[in-house]
Number of protein chains: 2
Amino acid sequence: MASIKDVARLAGVSDKTVSRVVNREPNVRPETIERVEVAIQQLGYVPNHAARLVRSRRSRILGILTDLVSVTPYSSDIVRGAQDWAHQNGYTVIVINTNGNTANEKAAWRTFQEHSIEGVLYVTMYHRIVDLKAAELPLPTIMVNCKSNADPELMSITPDDCNGARELTDYVLARGHRRLGYIRLNPVLFGAQERYRAFQDVVVEAGIDPKDLTIKIGMSGAVGQEVDHSFQVAQKMLIQENPPTAIICGNDEIALQAYMAALTLGRKIPDDVSIVGYDDFKTVSRALKPALTTAALPYYDLGYQACVNLVSKIDGQPPPLAQVKLPCPLVVRQSVRALDETVQL
Amino acid sequence: MASIKDVARLAGVSDKTVSRVVNREPNVRPETIERVEVAIQQLGYVPNHAARLVRSRRSRILGILTDLVSVTPYSSDIVRGAQDWAHQNGYTVIVINTNGNTANEKAAWRTFQEHSIEGVLYVTMYHRIVDLKAAELPLPTIMVNCKSNADPELMSITPDDCNGARELTDYVLARGHRRLGYIRLNPVLFGAQERYRAFQDVVVEAGIDPKDLTIKIGMSGAVGQEVDHSFQVAQKMLIQENPPTAIICGNDEIALQAYMAALTLGRKIPDDVSIVGYDDFKTVSRALKPALTTAALPYYDLGYQACVNLVSKIDGQPPPLAQVKLPCPLVVRQSVRALDETVQL
DNA sequence: TTGTATGCGTTATCAC
DNA sequence: GTGATAACGCATACAA
């Protein structure tokens with residue numbers, strides 16, 4: 001590999017002048033720049049990041065720590081968002097997946113330190129609570145899709161499951177539904193709790209009769225190996241006396257099960273029963289017939305915005321807030337029917 | 001950050017001795033090792049990768065270049081497989097997503113060079129042909145999920161779509177099906193072509209009457225923005241006179257459409273119609289009722305094995321083969337019915 | 001506008 | 001076994 005000295009020799013200038021050209025520093029005569037650039041071209045010179053880093057201490061590398069990527073394919077959009085921001089802003093990214101294993105996580109932090117990383121995105125694939133403390137972390141860190149109750153100073157960025165679920169429920173109610181089914185996501189998940197609580201709040205505020213509510217758990221078990229009984233749950237719901245006119249599902253995968261259950265029973269969606277999901281897991285939500293109305297998890301933006309906040313903190317600018325929530329926009333498709341005598345939204 | 005010198009001073013030894021301990025070189029007295037390690041602990045010393053790299057020229061970093069991660073969520077398992085191998089073997093990985101954009105790709109190669117990367121995994125999210133030439137690449141490279149017709153020397157590792165499709169078709173035929181539907185994946189995709197050709201070959205070899213075959217295209221258009229008409233196609237197939245007893249789908253997403261179509265028409269799977277997919281896209285294949293019989297794309301292994309082959313080449317050991325194919329194992333679930341008078345497999 | 005001296009944290013070489 | 005010294009490729013500070 002050609003070094004800065006080779007370029008200098010070929011261009012007939014000193015190392016420092018080449019350095020100036022490469023780093024676009026001022027005070028170099030245009031014709032010198034030209035000569036240097038020709039030499040760079042000829043030699044195929046590319047600056048050596050390591051050597052640069054030894055002196056300058058700015059690595060322009062961000063670390064991303066992820067846990068269970070294998071389980072939730074779409075959440076890797078968090079990583080994509082972060083990478084996009086990074087590359088648009090001259091940063092490079094090192095991603096390390098721990099598989100939720102503590103030893104791996106420890107090794108990852110060490111690797112980050114070895115590479116003089118400037119800051120870390122601590123990403124979980126499920127929205128959850130992780131009780132880290134800033135003081136225990138060796139590098140500036142932002143939690144993504146998770147947050148710490150132990151340390152309110154620790155920056156975090158999470159989806160606003162609560163508001164998303166409110167809007168979704170509001171939407172269903174606004175279309176005249178009063179007899180509701182709710183199939184809960186694994187209660188272990190923080191997002192599941194928030195969604196469910198929001199649903200409850202809205203339903204109480206709207207004065208829905210509790211007797212008109214059928215609430216069941218669709219998934220349970222440890223994260224990554226849950227058992228899914230939402231198909232059976234949905235079927236039971238549908239064959240009961242006075243079945244719900246709309247079923248709100250904890251996420252899109254449950255909604256898929258509800259679809260299968262309804263179709264198997266010969267029910268039409270949304271004519272016989274309306275269904276909504278959550279996540280906007282596109283391979284499901286867009287593929288279903290009719291396409292699924294749901295709330296979109298802002299994975300990509302989570303990663304992108306996390307970088308913005310993290311780097312602004314590293315650069316010493318105080319970030320707007322320690323705890324940021326990103327909206328989960330309602331995605332209206334065709335799976336909810338407006339009941340008679342109802343004003344269309 | 002503590003440096004090797006700080007450790008040396010605290011331990012009362014020279015820099016070089018610390019270096020020896022850190023790198024587990026021989027010829028250090030055990031008690032010296034002990035003293036040094038205590039000092040390392042106390043100072044929280046972590047070796048500086050950049051400084052190390054300036055001297056040693058071995059970065060132990062691998063680069064991964066990906067194209068359209070956003071479109072095919074599961075294919076990011078390629079990256080996961082590669083990362084796992086890397087971390088198990090003391091390597092670090094830098095992933096750069098180009099979004100299929102040429103300018104991004106050029107920038108990525110440059111970034112790789114700046115970081116003195118040892119080798120590159122050129123990963124495509126769809127199985128396809130990319131006509132690169134080894135001589136034009138600045139770093140040792142292996143193509144993953146794609147290959148070059150332009151340069152047979154260029155290493156590649158791809159899924160064996162051809163054999164996977166053969167096995168799948170064989171499986172369906174072995175269960176007594178003779179009237180077959182085939183819904184093709186986007187013919188633009190190389191994998192789609194291989195799968196279709198294999199299907200044709202098997203069907204001819206088995207002496208199936210061409211009149212008993214209904215073959216349609218389910219998806220078309222540019223990669224990443226295709227139009228999906230497989231739902232309609234499947235419905236038409238099912239309402240025709242003498243409908244197929246089994247429908248072979250180009251992939252699992254099409255299979256999902258076929259399921260919806262069948263259920264909407266009140267057909268039972270697999271009693272009225274058997275369905276198989278391809279890919280083993282688990283959010284679909286496992287979620288469907290009944291669960292989908294399909295062939296699994298070996299994404300994870302592709303990434304993992306690519307690293308093995310690439311690094312063995314970098315280390316000067318000749319890799320077994322330039323062009324490696326990995327099997328797509330048949331995943332038997334419940335979506336295919338054995339017709340009467342048929343021996344169970 | 002350009003060049004020189006020095007040092008970053010580490011490893012390589014060779015001497016003790 | 002251990003240590004002194006040079007060298008890696010570049011940036012910083014300062015001199016010319």
Side-chain angles (χ1 to χ4, degrees), chain A residues 1-40 43-61 90 92 110-118, chain B residues 1-40 43-61 90 92 110-118:
Chain A
M1 279 295 288
S3 85
I4 204 168
K5 279 188 189 147
D6 301 319
V7 177
R9 205 173 311 124
L10 183 59
V13 297
S14 74
D15 323 7
K16 180 58 203 168
T17 299
V18 177
S19 172
R20 277 192 259 263
V21 173
V22 169
N23 298 307
R24 309 205 185 301
E25 286 170 36
N27 298 330
V28 186
R29 223 187 309 149
E31 68 181 55
T32 310
I33 296 184
E34 175 66 18
R35 265 219 318 286
V36 170
E37 281 178 341
V38 168
I40 288 177
L43 295 171
Y45 167 75
V46 174
N48 181 321
H49 176 85
R52 185 177 270 177
L53 177 52
V54 172
R55 290 275 317 152
S56 71
R57 305 268 56 198
R58 287 224 58 182
S59 69
R60 298 219 129 212
I61 303 180
T92 301
R110 188 189 160 83
T111 302
F112 287 157
Q113 287 181 281
E114 287 180 354
H115 287 266
S116 312
I117 270 172
E118 297 188 12
Chain B
M1 280 293 288
S3 84
I4 206 168
K5 283 187 187 148
D6 301 318
V7 177
R9 206 174 308 124
L10 183 59
V13 297
S14 75
D15 320 7
K16 180 57 200 169
T17 299
V18 177
S19 173
R20 276 192 258 263
V21 173
V22 169
N23 297 304
R24 306 201 189 306
E25 286 171 34
N27 298 331
V28 187
R29 224 187 309 150
E31 68 180 54
T32 310
I33 296 184
E34 176 65 20
R35 266 217 319 285
V36 170
E37 279 178 343
V38 168
I40 287 176
L43 295 171
Y45 167 75
V46 174
N48 181 320
H49 175 86
R52 183 177 270 177
L53 178 52
V54 171
R55 282 291 303 167
S56 72
R57 306 266 56 198
R58 286 224 56 182
S59 68
R60 299 219 128 211
I61 303 180
T92 301
R110 188 189 161 84
T111 302
F112 287 156
Q113 288 182 280
E114 288 179 353
H115 287 266
S116 312
I117 270 172
E118 297 187 14

ask   = Counting side-chain heavy atoms from CB outward, which of C/dA12, D/dA11, C/dG9 is closest to A/V54?
value = C/dG9
remark   = Rounded to whole Å, NZ of A/K16 lies from P of D/dC10 at a distance of 12 Å
request  = Measure the distance from CG on A/N23 to C1' on D/dA13 and round it to the nearest whole Å.
outcome  = 16 Å
inquiry  = Using whole Å, what does the distance between atom P of nucleotide C/dT13 and atom CD of B/E25 come to?
reply    = 11 Å
query = Atom CZ of B/R55 to atom C1' of C/dT11: distance rounded to whole Å?
reply = 5 Å
ask   = Got a sec, which pairs hit side-chain hydrogen bond (donor to acceptor under 3.5 Å, both in side chains) with one end in residues 44-56 of chain A, sequence neighbours left out?
value = A/N23-A/R52
message = Less than 4.0 angstrom between a side-chain N/O of B/S3 and OP1 or OP2 of C/dC8, yes or no?
response = no
query = Reckon A/T17 has a side-chain N or O less than 4.0 Å from the OP1 or OP2 of C/dT1?
reply = no
query = Rounded to the nearest Å, what distance is computed from the CD atom of residue B/E114 to the C1' atom of nucleotide D/dG9?
reply = 14 Å
task = Answer with base, sugar-phosphate or nothing: what part of the nucleic acid does A/D15 contact at a heavy-atom distance below 4.0 Å?
result = nothing
ask   = What about A/R57, does its side chain sit under 3.5 Å from the base of C/dG9 through a donor-acceptor pair?
value = no
inquiry  = At less than 4.0 Å, is any side-chain N or O atom of A/R29 found next to OP1 or OP2 of C/dT1? Yes or no.
reply    = no
note = For A/D15 and A/I4, the nearest pair of non-hydrogen atoms, with its separation, is O-CD1, 3.8 Å
query = Roughly how far, to the nearest 0.5 Å, is CG of A/L53 from CG of B/L53?
reply = 9.5 Å
query = Could you give the CD-to-C1' distance, from A/E31 to C/dT2, as a whole number of Å?
reply = 13 Å
query = Is A/E114 reaching over with its side chain to a backbone N or O of B/V46, donor-acceptor style, under 3.5 angstrom?
reply = no
Interatomic distance, A/L53 CG vs D/dT12 C1' [rounded to whole Å] = 15 Å
query = With a non-hydrogen cut-off below 4.0 angstrom, is B/N27 in contact with a base, only sugar-phosphate, or nothing?
reply = base
message = Expressed as a whole number of angstroms, how long is the span from A/H49:NE2 to C/dC8:P?
response = 19 Å
B/R35 side chain to B/A11 backbone, donor-acceptor under 3.5 Å = yes
ask   = In terms of side-chain heavy atoms of B/S19, which of C/dT11, D/dT12, D/dG3 is nearest?
value = C/dT11
inquiry  = So, under a plain 3.5 Å distance rule, would you say the side chain of A/R20 forms a donor-acceptor pair with the base of C/dG3?
reply    = yes
